[in-house]
Amino acid sequence: MFGPSASLSVDKITGNASQNGNGFNLSANSQVMFGKLQKANQISFTLNAAANGTSGLILAQDDDGKNGVKISFEPSSNRIAAYVMNGGSEDLANTYPLSGILGTTYNVTAFVSNDVCVVYVNNQLSFSNRVYDVINKKWSIFSSSAVTFSNINIKNP
């Protein structure tokens, strides 16, 4: 269904992030922006999140990073949330409890096809959202506190 993993093309780093193979260590308030998304995408990674921070991925980003859809892991609120980013402001669009998932290590696979995004977490829950204007927009990983993203892969058909 999906072809081999595409290379991780880093477009921009905001804050402080160090690359370790196909992973990144992010300091507080950091973001790594990658290349453009296609019509269909499979993004997978392991997130070792901070208990008191927010971290995750942003889809359908403009070059300036102020617009898109943020999928945020929020362990202190025991939820995963989606925010619509518009000109730098963020509006909460959807949440789902992280019930049954112990700790702050998340194995994440996001399938983005046209305007539908489904995020699977630890093979225990799925979280779906609409994400408009994905094609040729960028994607990012982010964190409000120190975290590690490892085994990052992106595949396209």
Side-chain angles (χ1 to χ4, degrees), residues 2-77 79-94 98 101 103-113 115 117-122 127 129 131-156:
F2 285 89
S5 183
S7 65
L8 286 177
S9 160
V10 175
D11 188 68
K12 177 170 63 174
I13 294 177
T14 305
N16 189 1
S18 60
Q19 187 167 1
N20 181 8
N22 62 342
F24 287 86
N25 297 314
L26 274 64
S27 298
N29 301 313
S30 296
Q31 178 177 318
V32 179
M33 183 181 284
F34 300 102
K36 295 179 178 179
L37 293 167
Q38 307 301 314
K39 183 176 180 179
N41 310 271
Q42 175 188 324
I43 300 169
S44 61
F45 56 85
T46 299
L47 169 60
N48 290 312
N52 292 320
T54 63
S55 51
L57 70 156
I58 305 171
L59 302 167
Q61 271 193 302
D62 291 335
D63 288 336
D64 65 9
K66 293 183 179 179
N67 298 300
V69 175
K70 178 183 280 189
I71 307 295
S72 179
F73 288 84
E74 302 172 352
S76 63
S77 298
R79 71 181 190 179
I80 183 173
Y83 298 88
V84 175
M85 301 166 56
N86 188 357
S89 68
E90 298 179 6
D91 294 317
L92 181 65
N94 191 11
L98 287 170
I101 297 179
T104 55
T105 298
Y106 308 110
N107 293 306
V108 179
T109 302
F111 291 97
V112 185
S113 181
D115 62 354
C117 171
V118 181
V119 178
Y120 295 93
V121 183
N122 291 5
F127 182 60
N129 289 276
V131 180
Y132 297 102
D133 299 321
V134 167
I135 300 170
N136 290 324
K137 296 284 181 82
K138 298 182 180 188
W139 68 282
S140 298
I141 54 174
F142 76 93
S143 185
S144 68
S145 51
V147 301
T148 301
F149 288 82
S150 56
N151 302 314
I152 302 171
N153 285 295
I154 180 164
K155 296 178 183 179
N156 309 105

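Scope of the values below: all heavy atoms of this structure, side chains included, with no hydrogens, waters or symmetry mates. Given the structure is predicted, the values throughout are model-derived calculations rather than measurements.
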J.: I want to check something: taking the side chain as every heavy atom from C-beta on, are N151 and F149 in contact at a cut-off of under 4.5 Å?
T.: no
J.: Once you measure the plane-to-plane angle for F111 and Y120, does it fall in the parallel (<30°), tilted (30-60°) or perpendicular (>60°) bin?
T.: perpendicular
J.: What residues form a side-chain contact (heavy atoms from CB on, under 4.5 Å) with V84, not counting sequence neighbours?
T.: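 In terms of side-chain contact (heavy atoms from CB on, under 4.5 Å), with neighbours along the sequence ignored, V84 is linked to A93.
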J.: Would you tell me whether T46 and N107 have side-chain atoms, one donor and one acceptor, within less than 3.5 Å of each other?
T.: yes
J.: With side chains defined as the heavy atoms from C-beta onward, is the minimum distance between I43 and W139 less than 4.5 Å?
T.: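 Yes - at least one pair of side-chain heavy atoms lies under 4.5 Å apart.
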J.: Rounded at 0.5 Å granularity, tell me how far CG in L47 sits from OG in S143.
T.: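 Answer rounded to 0.5 Å: 7.5 Å.
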J.: Check whether any side-chain heavy atom of I80 sits under 4.5 Å from a side-chain heavy atom of I71, and report yes or no.
T.: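 Touching, per the 4.5 Å side-chain cut-off.
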J.: Side chains of T148 and N25: donor-acceptor distance under 3.5 Å anywhere?
T.: yes
J.: So, taking the atom named CG in L26 and the one named OG in S55, what distance separates them when rounded to the nearest 0.5 Å?
T.: 8.5 Å
J.: Mind checking whether N48 and V147 have side chains closer than 4.5 Å, heavy atoms only?
T.: no
J.: Assess whether side chain to side chain contact (heavy atoms under 4.5 Å, CB included) is satisfied between V118 and F127, documenting all intermediate values.
T.: CA-CA 6 Å; V118 181; F127 182 60; over 6 Å; no
J.: For Y83, which residues count as a side chain to side chain donor-acceptor pair (under 3.5 Å) partner, sequence neighbours excluded?
T.: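 For Y83, the residues satisfying side chain to side chain donor-acceptor pair (under 3.5 Å) (neighbours in sequence not counted) are E74, R79.
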J.: Evaluate side chain to side chain contact (heavy atoms under 4.5 Å, CB included) for N29 paired with S144, printing each intermediate quantity in order.
T.: CA-CA 4 Å; N29 301 313; S144 68; 4.1 Å; yes
J.: Go through the steps for M33 and I141 under the test side chain to side chain contact (heavy atoms under 4.5 Å, CB included), then give the verdict.
T.: CA-CA 7 Å; M33 183 181 284; I141 54 174; over 6 Å; no
J.: Under a 4.5 Å cut-off applied to non-hydrogen side-chain atoms, are V119 and T109 in contact?
T.: no
J.: Would you indicate whether the side-chain heavy atoms of N153 and F45 approach each other to under 4.5 Å?
T.: no
J.: Is a donor on one side and an acceptor on the other found under 3.5 Å between the side chain of Q19 and the backbone of G21?
T.: yes
J.: Can any side-chain N or O of K66 pair as donor or acceptor with the backbone N or O of Q61 at less than 3.5 Å?
T.: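 No: the side chain of K66 does not pair with the backbone of Q61.
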J.: Side-chain contact, heavy-atom cut-off 4.5 Å: F73 with T104?
T.: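 Of all side-chain heavy-atom pairs linking T104 with F73, none is under 4.5 Å.
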J.: Tell me, please, which residues at least two apart from D62 pass salt bridge (charged side-chain N to carboxylate O under 4.0 Å, His left out).
T.: K137
J.: Would a distance-only check, ignoring hydrogens and angles, find a side-chain to backbone donor-acceptor pair under 3.5 Å from N94 to A82?
T.: no
J.: What is the minimum heavy-atom distance between S145 and A50, and which atoms define it?
T.: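 Answer, listing the atom of S145 first, then A50: OG-CB, 3.1 Å.
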J.: Please check if the side chain of N156 supplies one atom and the backbone of A40 the other of a donor-acceptor pair under 3.5 Å.
T.: yes
J.: Tell me whether D115 at atom CG has more than 12 heavy atoms from other residues, nucleotides or ligands lying less than 6.0 Å away.
T.: yes
J.: Kindly indicate, with the supporting measurements, whether the criterion side chain to side chain contact (heavy atoms under 4.5 Å, CB included) is fulfilled by F142 and I58.
T.: CA-CA 8 Å; F142 76 93; I58 305 171; 3.8 Å; yes
J.: How long is the straight-line distance from SG of C117 back to CG of L59, given to the nearest 0.5 Å?
T.: 5.0 Å
J.: Less than 6.0 angstrom separating the ring centers of F34 and F24, yes or no?
T.: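 Yes, the ring of F34 comes within the 6.0 Å limit of the ring of F24, centre to centre.
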J.: Just how far is it from atom OG of S9 to atom NZ of K138, taken to the nearest 0.5 Å?
T.: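 Between S9 OG and K138 NZ, I get 8.0 Å after rounding to 0.5 Å.
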J.: From the options I13, N16, T14, select the one residue that forms a side chain to side chain contact (heavy atoms under 4.5 Å, CB included) with S30.
T.: N16
J.: Are the side chains of I135 and L37 in touch, meaning some heavy atoms are under 4.5 Å apart?
T.: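 I135 does not reach L37 side chain to side chain.
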